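In what follows, a single structure is set out as structure tokens and then discussed.
Owing to the predicted nature of the structure, the values given are computational and were not obtained by experimental measurement.
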Amino acid sequence: MAKTETTSERYRQGAKTRRAVLGDVHVDRAERATTDFDRPFQDLITEAAWGAVWARPAWTARERSIVTIALLAALGHDEEVAMHVRATANTGATREDITEAMLHVAIYAGVPAANRAIRIAKQVYETLDAEREA
């Protein structure tokens, strides 16, 4: 956790939510890679994205996961698509959920965006399946 004496409740909740969604391995790696240069950004996303948005009670982690993947796919944020597809193991979003989300992306954001994101999701699922079998 980057912050110390000024850590807000929203930041603490964000750190907890981030770990629940992305997993300890991912968050630990991100924290080790954080420098003075990007610490303000890491603090911002922990507090705002994870503490203020993902931690809201109105939607489940599964629902937030589906919407997030669709938005990232529509915007062409490939690394983030892959990260959030991996996180579905923690959020409960199924492969069928992601298939349905990609159909919406195709219609509302374009076939090329959905095609690219589907290719990324398939690669992530192949890796997860191989890890599970090993």
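Taking Glu133 as the reference, nothing meets the salt bridge (Lys or Arg N to Asp or Glu O under 4.0 Å) condition, with sequence neighbours excluded. With sequence neighbours left out, Ala20 forms a side-chain contact (heavy atoms from CB on, under 4.5 Å) with no residue at all. Qualifying side-chain contact (heavy atoms from CB on, under 4.5 Å) partners for Val67, counting only residues two or more places apart in sequence or in other chains: Trp59, Leu71. Residues meeting the side-chain contact (heavy atoms from CB on, under 4.5 Å) test with Arg32, sequence neighbours left out: Asp28, Arg29.
Salt bridge present: Glu31 and Arg19 bring a charged side-chain N and a carboxylate O closer than 4.0 Å.
Applying the 4.5 Å side-chain rule to ILVMFWY residues, one finds Phe41 in the same cluster as Ile45. Here Tyr108 sits in one hydrophobic cluster together with Ile107; the rule is ILVMFWY side chains under 4.5 Å apart, joined directly or through other members.
At least one donor-acceptor pair closer than 3.5 Å links the side chain of Glu63 to the backbone N or O of Thr60.
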Please list every donor-acceptor pair under 3.5 Å in which a side-chain atom of residues 109-128 meets a protein atom from a residue at least two apart or in another chain.
{"from": "Arg116", "atom 1": "NE", "to": "Asp78", "atom 2": "OD1", "distance (Å)": "2.8"}
{"from": "Thr127", "atom 1": "OG1", "to": "Gln123", "atom 2": "O", "distance (Å)": "3.1"}

Going by atom type alone, with no hydrogens or angles, which donor-acceptor pairs under 3.5 Å involve a side-chain atom of residues 83-95 and a protein atom two or more places apart or on another chain?
{"from": "Thr88", "atom 1": "OG1", "to": "Val85", "atom 2": "O", "distance (Å)": "2.6"}
{"from": "Asn90", "atom 1": "ND2", "to": "Val21", "atom 2": "O", "distance (Å)": "2.9"}
{"from": "Thr91", "atom 1": "OG1", "to": "Ser65", "atom 2": "OG", "distance (Å)": "3.1"}
{"from": "Thr91", "atom 1": "OG1", "to": "Ala93", "atom 2": "N", "distance (Å)": "3.4"}
{"from": "Thr94", "atom 1": "OG1", "to": "Glu96", "atom 2": "N", "distance (Å)": "3.3"}
{"from": "Thr94", "atom 1": "OG1", "to": "Glu96", "atom 2": "OE1", "distance (Å)": "3.4"}
{"from": "Thr94", "atom 1": "OG1", "to": "Asp97", "atom 2": "N", "distance (Å)": "3.0"}
{"from": "Thr94", "atom 1": "OG1", "to": "Asp97", "atom 2": "OD2", "distance (Å)": "3.2"}
{"from": "Arg95", "atom 1": "NH1", "to": "Asp129", "atom 2": "OD2", "distance (Å)": "3.2"}
{"from": "Arg95", "atom 1": "NH2", "to": "Asp129", "atom 2": "OD1", "distance (Å)": "2.7"}

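You'll find the side chain of Arg64 reaches within 4.5 Å of the side chain of Arg56, heavy atoms only.
Sequence neighbours left out, not one pair with a member in residues 65-75 passes salt bridge (charged side-chain N to carboxylate O under 4.0 Å, His left out).
A side-chain donor-acceptor contact under 3.5 Å links Asp38 and Thr35.
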